[in-house]
> 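Following this message is one structure expressed as structure tokens.
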Amino acid sequence: MADDDPKGNASETSEILKAFGEVIKAFRKRAGLTQEQFAPMVGYSVPMVASIEQGRRLPSKRFVDKAEEVLDAFGVIRAAAKPLTRKAGLAKWFEEWAELEPLAVTLYTFESRLVPGLLQTPAYARTLFQKQIPAMGDDKIESNLVTRMERASILTERPETIFCFIIEEHALRRQVADAEVMREQIDHILALGERRNIDIQVMPESRGHHAGLDGPLWLLETEDNTWYGYSEGQRTAQLMSDPKEVSILQQRYARMRAQALSVEASVGLLREIRGAL
């Protein structure tokens, strides 16, 4: 997923994030709340709140609004969030979707190009950033890497969220990095697939026509049972909330789950791919 932003000052953004985190922490303590008490009041996990307070994760607009309301912050929290209009390490077209991800109770992904961003290891992701066009500086690569790994933390921070991934076989066989990195990447996918809330299926190369040939897609359900869809191309993306449009993606994804290998058969193919590296 092209969630990286080739522009922006990483160190400046980092300092702004830290300053915002200190504001949240100060108002939380003023209200006499621990992180454990505060987190459910704003609808986020404790690790997510901790990451925001430490300046390691950019807050969504929803978090800012809820924190302002819960902490009765006199508009200070919203004011502190204004410099964060651009998200470090995220492409502009990906920002809205990134805000929804931490709120998901269900998240479906189909990827036909590369290993999905949420499943990537640091070494695999770093290779993608290093080879990206236009080229990035070292600081920007590190900033984007931190952002991607922070995004991926929802896989372990939200054990009650259902995650489903369908990945084209050729995307897993494509050696975008050396054999050691690719073996580590496959091992990581296999380990995540052992979690009870994560299903990983492979769309085999032997499958001719299937319902995902129009390209990658994502589906997400929030706690209020609202569904969103997302698709992207080169330097562009579309976030969909129209129920009719989202329904089309849901139909396609449902068909793909039937057309892909089962979870068990996918594990066997993943091990085969790893063994061939």
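Being a predicted model, the structure only gives us computed values, none of them experimental. No hydrogens, no waters, no symmetry mates; every other heavy atom, side chains included, goes into these values.
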> Is there a side-chain contact between L118 and E101, using heavy atoms and a 4.5 Å cut-off?
yes

> Please test R173 against E169 for salt bridge (charged side-chain N to carboxylate O under 4.0 Å, His left out), starting from the C-alpha separation and ending with a verdict.
CA-CA 6 Å; R173 290 189 182 277; E169 180 181 346; 2.8 Å; yes

> How far does CG of D199 sit from OG of S262, to the nearest 0.5 angstrom?
10.5 Å

> Any chance CD of E36 has more than 12 other-residue heavy atoms, nucleotides or ligands included, within less than 6.0 Å?
yes

> Test of understanding: clusters of I, L, V, M, F, W, Y form through side-chain heavy atoms closer than 4.5 Å, transitively. Do V46 and M41 belong to the same one?
no

> Around atom CG of D138, are there more than 12 heavy atoms from other residues, nucleotides or ligands closer than 6.0 Å?
no

> For the backbone of A98 and the side chain of R151, can you confirm whether one donor and one acceptor N or O come within less than 3.5 Å of each other?
no

> If only atom types and distance count, is the side chain of R158 paired as donor or acceptor with the main-chain N or O of P102 below 3.5 Å?
yes

> Have Y228 and T222 got a donor and an acceptor in their side chains that come within less than 3.5 Å?
no

> Any ion pair linking R113 and E168 (charged N to carboxylate O, less than 4.0 Å)?
no

> Does a side-chain heavy-atom distance below 4.5 Å link L261 with L269?
yes

> Do L17 and P59 come close enough that some side-chain heavy atom pair is under 4.5 Å?
yes

> Under 3.5 Å, is there a donor-acceptor pair between the S247 and Q251 side chains?
yes

> Consider side chain to side chain contact (heavy atoms under 4.5 Å, CB included). Of E223, E221, R62, which one does L103 pass it with?
R62

> Ignoring hydrogens and geometry beyond distance, is a side-chain donor-acceptor pair present between Q35 and E53 at under 3.5 Å?
yes

> Is the closest side-chain heavy-atom distance between V70 and F27 below 4.5 Å?
no

> I'd like to know if the side chain of Q259 reaches the main chain of A211, judged simply by a donor and an acceptor atom lying under 3.5 Å from each other, with no hydrogens or angles considered.
yes

> Quick one: closest heavy-atom pair of W97 and L219, and the distance?
CH2-C, 3.9 Å

> Test your reading of the model: is there a side-chain donor-acceptor pair from Y124 to the backbone of V115, 3.5 Å cut-off?
yes

> Donor-acceptor pair, S143 side chain versus D139 backbone, under 3.5 Å?
no

> Decide whether L119 and I273 are clustered together by the hydrophobic rule: side chain heavy atoms of Ile, Leu, Val, Met, Phe, Trp, Tyr closer than 4.5 Å, transitively.
yes

> Is D65 paired with K61 through a side-chain N to carboxylate O contact shorter than 4.0 Å?
yes

> Using side chain to side chain contact (heavy atoms under 4.5 Å, CB included), reason through D178 and E180 one step at a time and then give a plain yes or no.
CA-CA 6 Å; D178 62 39; E180 181 179 354; 3.6 Å; yes

> So, for P216 and S231, which heavy atoms are closest and what is the spacing to 0.1 Å?
O-CB, 3.9 Å

> Considering only heavy atoms from C-beta outward, does the side chain of F163 approach that of I200 to under 4.5 Å?
no

> Supply the atom-to-atom distance E68 CD to F74 CZ, rounded to the nearest 0.5 angstrom.
9.0 Å

> What about V267 and M203, same hydrophobic cluster or not, with Ile/Leu/Val/Met/Phe/Trp/Tyr joined at side-chain heavy-atom distances under 4.5 Å?
no

> Quick one: sort the Y108 and W227 rings into parallel, tilted or perpendicular, breaks at 30° and 60°.
tilted

> What about Y44 and F63, are their ring centers closer than 6.0 Å?
yes

> Going by an N to O cut-off under 4.0 Å, is there a salt bridge joining K25 and E22?
yes

> Does the side chain of L217 reach to within under 4.5 Å of the side chain of E111, using non-hydrogen atoms?
no

> Honestly curious: do V246 and F110 fall in one hydrophobic cluster under the side-chain, below-4.5 Å linking rule?
yes

> Kindly indicate whether the side chain of K66, heavy atoms from C-beta on, has any atom under 4.5 Å from the side chain of I77.
no

> Flag yes if I189 and L277 sit in one hydrophobic cluster, no otherwise; membership is Ile, Leu, Val, Met, Phe, Trp, Tyr, and two members link when side-chain heavy atoms are under 4.5 Å apart.
yes

> Heavy-atom distance under 4.5 Å between the side chains of R271 and I186, does that happen here?
no

